[in-house]
Amino acid sequence: MERLDGVETVLLDLDGTLYVGSQVVEGAPEAVRRLRERGLAVRFCTNTDSVTPGELAQRLAGRGFEVGEDELVTPVAVAVQVLGSDPRARVLAVAADGVRELLGERLAGPGETVTHVLVADPSYGAAYGDLDAAFRAVRDGAELLATQVNRVAVRDDGEHLDTGGWVRLLEYATGATARVLGKPSAAFFTAPLEALGRDAATALVVGDDLEADIGGGRAVGAATVLVRTGKGDREPDAGAEPDTVIDSVADLPDLLGA
C-alpha cells in the first residue's frame, strides 16, 4: 500500500470500471467527484475505439460523468494526432464512420498509395472485403496500426470479440507487427502525465483489465489498482500483479483517503 502514498494523478479506465456495458457502476460518479474534490487530477484513459472523443464525452454525460474532451485519452484521439501530423500519410481505416471522418484528408483516395492501415473496432460491420483490403495494403508496405489489442469486450449480454482478435488475424496473415496506439502502450499512459507535468511515480492507474490497465500501468512505473467489476473478477496472474484489488471504483476514494 506504500505505493499509493503520494498519488497526484488518477488515470481511470471507463468500460468495466466506471460502467459495464450500459450500466453505471454504483457509486462511480460520486467516486470521481470525491477524487476531484481532494485535488487529484483525474484523466480518463480508455481503449474505447468505436466512437469519437466528442461522442464519448456525450455518452459519459448521459451516465452522470461530466468529462471534458481534454480529460479523455483514447486511441482514436492518438490515431488522429499521429496521422494528422504526417502530411504524407494516406490511411486505409477499418473503422466506424465517425472515426473515419476525424481522419479527414488523411484517408487514402482512389489510386493513392496506402501508407498506413488503421484497425479500430471493426464491430461496426467490417466484412471480409475490408480485412482483405487491409491485408493487401500491409503486404504492399503499409504500416499496420491498432487502436488497441484487447481480446474481450464486455457488454450487457456478456463477452464479445474485441479489436485485438482482428489485429492478430492481420498480423498472422501479413507477418507484420502492429504498432499499438492505445493501452498497454507506454506512450498512451505517459502522454496525459507529460501534459500535466507529472511523473509516472505519482500516478495511479485504475482498471479492470490485467493486461491493458495493470500491465500497462506497471510498465511505466505507476501504481495500479484492479477493480473486480467488468473483467476484473478474474484472479490476478503473476505477470500483471496490481498493487491492490478493490470491489469497485466506489471504494477508491476511501482507499486514497479522499
Side-chain angles (χ1 to χ4, degrees), residues 13-15 18-19 21-22 43-63 65-138 140-150 153 155 160-167 169-170 174 176 178-183 185 187-188 191-192 195 212:
D13 175 48
L14 293 182
D15 200 353
L18 298 187
Y19 51 84
S22 64
R43 294 295 182 267
F44 302 86
C45 298
T46 175
N47 268 351
T48 298
D49 55 352
S50 57
V51 297
T52 66
E55 291 171 320
L56 184 56
Q58 291 178 3
R59 177 187 296 178
L60 287 166
R63 294 176 178 177
F65 303 97
E66 294 301 325
V67 178
E69 282 191 52
D70 61 336
E71 296 177 309
L72 284 169
V73 186
T74 83
V76 171
V78 174
V80 171
Q81 181 179 19
V82 168
L83 295 167
S85 65
D86 182 359
R88 299 168 299 176
R90 293 298 179 267
V91 187
L92 188 162
V94 184
D97 288 343
V99 175
R100 288 171 52 81
E101 289 172 8
L102 283 182
L103 294 170
E105 63 183 18
R106 294 294 181 263
L107 290 175
E112 290 189 304
T113 299
V114 175
T115 61
H116 299 79
V117 168
L118 175 69
V119 182
D121 188 20
S123 68
Y124 71 92
Y128 173 82
D130 300 295
L131 292 173
D132 189 52
F135 162 79
R136 289 167 63 87
V138 174
D140 285 343
E143 182 182 9
L144 179 59
L145 303 179
T147 47
Q148 46 105 342
V149 287
N150 289 6
R155 301 176 188 155
H160 291 265
L161 177 67
D162 207 345
T163 305
W166 302 80
V167 175
L169 180 155
L170 286 170
T174 63
R179 173 155 58 116
V180 181
L181 303 178
K183 296 184 282 188
S185 165
F188 186 82

Close side-chain approach of Trp166 and Asp121, heavy atoms under 4.5 Å: no

Any Thr163 side-chain heavy atom under 4.5 Å of Asn47 side chain: no

Any donor-acceptor N/O pair, Asp86 side chain to Leu83 backbone, under 3.5 Å: no

Between Val51 and Arg59, does the side chain to side chain contact (heavy atoms under 4.5 Å, CB included) criterion hold? Intermediate values first, please. CA-CA 10 Å; Val51 297; Arg59 177 187 296 178; 3.5 Å; yes

With heavy-atom distances below 4.5 Å as the criterion, would you say the side chains of Pro53 and Gln58 are in contact? no

Give a yes or no on whether a salt bridge exists between Lys183 and Asp13, defined as a side-chain N under 4.0 angstrom from a carboxylate O. yes

Test side chain to side chain contact (heavy atoms under 4.5 Å, CB included) applied to Val119 and Leu144, step by step: CA-CA 8 Å; Val119 182; Leu144 179 59; 4.0 Å; yes

Please name the residue in the list Leu145, Val149, Asn150, Val94 that meets the side chain to side chain contact (heavy atoms under 4.5 Å, CB included) test with Val167. Val149

Looking at side-chain heavy atoms only, is the closest gap between Leu56 and Thr46 below 4.5 Å? yes

CZ on Phe44 to CZ on Phe65, rounded to 0.5 Å: 8.0 Å

Enumerate, atom names and distances included, each donor-acceptor pair closer than 3.5 Å involving a side-chain atom of residues 70-81, sequence neighbours excluded.
from: Glu71; atom 1: OE1; to: Arg36; atom 2: NH2; distance (Å): 3.0
from: Glu71; atom 1: OE1; to: Gly68; atom 2: N; distance (Å): 3.0
from: Glu71; atom 1: OE2; to: Arg36; atom 2: NH2; distance (Å): 3.1
from: Thr74; atom 1: OG1; to: Val76; atom 2: N; distance (Å): 3.3
from: Thr74; atom 1: OG1; to: Ala77; atom 2: N; distance (Å): 3.0

Mind checking the CG-CZ spacing from Leu131 to Arg136? Nearest 0.5 Å is all I need. 13.5 Å

Regarding Gln148 and Asp162, is there a side-chain donor-to-acceptor distance under 3.5 Å anywhere? yes

For Phe135 and Leu170, work out which heavy atoms get closest and say how close. N-CD2, 3.9 Å

Verdict with reasoning, Ser50 to Tyr124, per side chain to side chain contact (heavy atoms under 4.5 Å, CB included): CA-CA 7 Å; Ser50 57; Tyr124 71 92; over 6 Å; no

Can you list the steps and then say if Arg155 with Ser22 is a side chain to side chain contact (heavy atoms under 4.5 Å, CB included)? CA-CA 7 Å; Arg155 301 176 188 155; Ser22 64; over 6 Å; no

Closest heavy-atom pair and its distance - Thr147, Val180: O-CG1, 4.4 Å

What are the two closest non-hydrogen atoms of Glu66 and Ala61, and how far apart are they? OE2-CB, 4.2 Å

Pairs where residues 97-117 contributes a residue and the test side chain to side chain donor-acceptor pair (under 3.5 Å) is met, not counting sequence neighbours: Arg90-Glu112

Taking the side chain as every heavy atom from C-beta outward, state whether Leu181 and Phe188 have any atom pair closer than 4.5 Å. no

